Engineer: 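Here's a structure for you.
This structure is a prediction, so every number in the text was calculated from the model and none was measured.
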Amino acid sequence: MSIADGAPQEERELSPEADPEKEPEAWADDWTGDTLALLRALRAPHRRSRAGQIGYVVYVGVMMVLTWGGLLSIGAFANASMGADYTGHDAQLLAALPSGVCALGLGLILVVARDALWRGPVVAPRATVDWLLNQPVRPGPVLRPWFWISCAIALVPGLLAAAGAGVALGLMDRTGFLPAFGWALIGGVCVPLLATCCGVAVERYEGAARFVRRVSPLVALLVLLLAVQSVLGWTGHGNSTLELAEMWSGPWGWAALVGLTPTTAAVSGGWLALVPLLLLTAVALVLGYRGAAGIRLGSLRERARTAAGVAAALRTAELRSARMVLAQNQQSGRRARLRIPPPTRAWLAVPWRDATALLRAPSRIGRAVLFSVPALLLVPAVAAASGVDRLLLTAVTVSFGYLAAAQLAEPARVEADDPRRAGWSPYPYGELMLRHAVVPALSAVLLAALGAGVAAALGAGAAVWLAPVAALPLTAAAMVNACRGPSRVELMYTPTGMGSMGPFIFLAWYAAGPVTLVPALAFALGLGHGPSAVTGVFWCLLFAGVLFYWSYQRALTLSGRHRPKD
C-alpha cells in the first residue's frame with residue numbers, strides 16, 4: 001500500500017472528541033513511522049539550512065538583548081553598589097505594577113486566543129496540511145511538535161518581561177536582581193503557556209472559538225481599563241482594594257501576586273497564588289498536548305492558507321491587504337442588515353452610503369467606543385500633570401483618540417483602495433473624499449460628546465469638553481491616512497543619499513496623519529499647564545483645517561496616479 005492511498009478527506013477529519021492516540025483500531029494501516037522517517041531523510045538538507053537561519057536569528061536577538069539590556073543593567077547595578085540612588089520612582093512603580101501585570105497577562109491571553117481564530121499555536125505548513133495529513137498517518141506526531149514550538153516561542157516575551165522586572169525592582173526597590181527575577185519568572189513562564197493552551201482550545205473546539213469572538217470586545221475593554229488604572233496608579237490615583245480584587249481574579253493576577261512577593265509591596269498571603277498558578281499551568285499543558293492531535297483537518301487547512309495569504313501581504317508591506325484577509329477569515333455567519341431610509345437629496349448620497357456601511361459593521365463602532373474610553377479616562381490625569389508627564393500623557397490620550405476616529409473612516413479607505421470605483425460619482429475625486437469625511441467627523445464628535453458627558457458626570461472636570469472639538473483634527477488625520485492609496489514599497493528603496501532612511505520614509509508616508517497630528521496636538525495642549533479653552537479650540541480647528549486640506553491634496557495626487565493613460 002502506498003502512502004498516497006489514504007482515506008478520503010471527509011473520513012480523515014477527526015471529531016473534536018476523538019483522540020487518535022487512544023483509538024488504534026482507526027489506524028489499522030498506520031504508516032506514521034515510515035512516512036516521518038522518509039520525510040526526515042528527504043528534508044535533511046533543508047532542515048540543516050533552516051536550523052542555521054533560525055540559529056542566526058536567535059544569535060542576533062540574544063546579542064541585541066545582552067548589548068542593549070544586559071550591559072546597561074550591569075552598569076546600573078554597578079553604580080548602585082557604589083552609592084547611586086535609583087529609588088526615586090519606587091513608590092510609583094510598585095503602585096503601577098498590580099494593574100499593569102494584570103493588563104499584560106490578560107492582554108496576552110486575549111491576543112493568543114484571537115490569533116488562534118485564524119492561525120493558532122498549532123500552525124503546520126500548507127504542504128503538511130494539504131498532503132501529509134491526508135495520508136494514513138497519525139496526526140499526533142505531526143502536530144504536537146508545532147504545539148511545543150509555539151510554547152517555546154511564547155516563553156520569549158515572558159523571559160524578557162521577567163528580566164525587565166528583575167532589573168527594575170532590583171534597582172528601584174532594592175529587592176535584588178535574583179529574587180525579583182526568580183519570582184517574576186514564575187508568571188513569565190506560566191501565563192504564556194496558559195495563553196498557548198487557550199489557543200489550542202480555540203483551534204480545536206468551535207464553541208471555544210465562538211466564545212472568544214463574543215467576549216473579545218469586553219476583554220479588550222478590561223485590558224484597556226487595567227492599563228489606564230496602571231497609569232493612574234503611577235500618578236498616585238491608585239485603588240488598593242480594587243487592585244487586590246484584580247490580582248485574585250485569575251491567573252493573570254496571580255502572576256502579579258507572585259511577582260510582588262519579594263518586594264516591599266508584597267500582599268499578605270500572596271505567595272499562596274503560586275500553587276494554583278503552577279497546577280493550572282500543568283493541567284493546561286497536559287490538555288493542550290492531548291488536544292493538539294485532535295484539531296480538524298479542515299480547520300488546519302483553512303488556517304494554513306490564511307497564514308500564507310497574510311504572510312504574502314506582509315512581505316510586500318500591504319498591511320491593509322493583510323487586515324482584509326484576516327477580516328474575511330474571521331467574519332461570522334450572521335451579518336448586520338440595518339437599513340436607513342434612502343436620501344431625498346443628491347448631496348446626501350455619499351453620507352447615506354457611509355452611514356449605512358458603518359451601521360452594517362457594528363464592530364467598527366464598538367472598537368471606536370473601546371478606544372475612546374481610555375482616552376477620556378486619561379483626561380483628568382492630563383489636567384493634573386505638568387511638565388514631561390503632561391506631554392507624554394497628552395500624546396497617549398491623542399493616540400487613543402486617533403485610533404477611535406480611524407475606525408469610523410473605513411468607507412473612505414474602501415473608496416481610496418481603487419479610485420476607479422468613484423466612476424459612479426458626479427463629484428471630482430478630491431471633493432468626493434471630503435464628502436466621505438462628513439459621517440466620520442459627525443460620528444466622532446457625537447461619540448466624544450457622549451463620552452465627555454459621562455466623564456463629566458463622574459467628576460472628570462471641565463477639560464473633557466475639549467474632546468468633541470479634538471475629534472475634528474483626529475478625523476482629519478484619519479482621512480489623510482485613508483487617502484494614501486496602495487502601499488508604496490518603493491519608498492523603502494528610494495535613492496535619497498540618506499543611507500538607510502528608506503524604512504523611516506515609508507513609515508512617514510504610511511502613517512502620515514498620526515505621525516503629524518499626535519506630536520503637534522500633544523505639544524499644543526500639553527505644554528505648561530495647558531492652554532485656555534479658547535486657545536485649545538483654536539489649535540484643534542487649525543490642525544483640522546490643515547489636515548483636511550492635506551487629505552484633499554492627497555486625494556488629487558492619488559486620482560492622478562490612477563488616471564488611465566492615452
Engineer: Report the residues that fulfil side-chain contact (heavy atoms from CB on, under 4.5 Å) with Ala209, sequence neighbours left out, ordered by chain and then residue number.
Structural biologist: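 Ala209 satisfies side-chain contact (heavy atoms from CB on, under 4.5 Å) with Leu117, Val202, Glu206, Arg213 only.
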
Engineer: Would you check if there is a donor-acceptor pair between the side chains of Thr397 and Thr394 at a distance under 3.5 Å?
Structural biologist: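 Absent: no donor and acceptor within the cut-off.
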
Engineer: Would you say that Trp118 contacts Arg303 through its side chain, given a criterion of any heavy-atom pair below 4.5 Å between the two side chains?
Structural biologist: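 No; the side chains remain at least 4.5 Å from each other.
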
Engineer: Restricting to salt bridge (charged side-chain N to carboxylate O under 4.0 Å, His left out), what partner residues turn up for Arg435, sequence neighbours left out?
Structural biologist: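 Result, salt bridge (charged side-chain N to carboxylate O under 4.0 Å, His left out) vs Arg435: Glu431.
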
Engineer: Do the non-hydrogen side-chain atoms of Trp254 and Leu280 ever get within less than 4.5 Å of each other?
Structural biologist: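 Trp254 vs Leu280: side chains touch.
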
Engineer: How far apart are the C-alpha atoms of Val212 and Arg114, what are their side-chain angles, what is the distance that settles it, and do they pass the side-chain contact (heavy atoms from CB on, under 4.5 Å) test?
Structural biologist: CA-CA 7 Å; Val212 169; Arg114 293 290 302 182; 4.1 Å; yes

Engineer: So, Arg119 versus Thr306: side-chain donor-acceptor pair below 3.5 Å or not?
Structural biologist: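 On atom types as modelled, these side chains do not qualify, holding no pair under 3.5 Å.
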
Engineer: Can you name the side-chain contact (heavy atoms from CB on, under 4.5 Å) partners of Val111, sequence neighbours left out?
Structural biologist: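 Partners of Val111 by the side-chain contact (heavy atoms from CB on, under 4.5 Å) criterion come out as none, since no residue qualifies.
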
Engineer: The criterion is side-chain contact (heavy atoms from CB on, under 4.5 Å); which residues satisfy it with Ser99, sequence neighbours excluded?
Structural biologist: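 Only Gln229, Ser230, Glu243, Glu246 meet the side-chain contact (heavy atoms from CB on, under 4.5 Å) criterion with Ser99.
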
Engineer: Can you tell me if Trp539 has over 12 outside heavy atoms packed within less than 6.0 Å of its CH2?
Structural biologist: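 Open: at most 12 neighbouring heavy atoms sit under 6.0 Å from CH2 of Trp539.
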
Engineer: Are any non-hydrogen side-chain atoms of Ser150 and Val122 less than 4.5 angstrom apart?
Structural biologist: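 No, too far: nothing below the 4.5 Å cut-off.
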
Engineer: Taking only residues two or more places apart in sequence or in another chain, which ones pass side-chain contact (heavy atoms from CB on, under 4.5 Å) with Leu370?
Structural biologist: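 side-chain contact (heavy atoms from CB on, under 4.5 Å) list for Leu370, sorted by chain: Ala220, Leu221, Leu224.
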
Engineer: Given side chains that start at C-beta, do those of Leu108 and Val112 come closer than 4.5 Å, heavy atoms only?
Structural biologist: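 Yes - at least one pair of side-chain heavy atoms lies under 4.5 Å apart.
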
Engineer: Please table the atom pairs, donor to acceptor, closer than 3.5 Å between any side-chain atom in residues 467-481 and protein atoms at least two apart or in another chain.
Structural biologist:
{"from": "Thr475", "atom 1": "OG1", "to": "Ala471", "atom 2": "O", "distance (Å)": "2.8"}
{"from": "Asn481", "atom 1": "OD1", "to": "Ala512", "atom 2": "N", "distance (Å)": "3.3"}
{"from": "Asn481", "atom 1": "OD1", "to": "Gly513", "atom 2": "N", "distance (Å)": "3.0"}
{"from": "Asn481", "atom 1": "ND2", "to": "Tyr402", "atom 2": "OH", "distance (Å)": "3.1"}

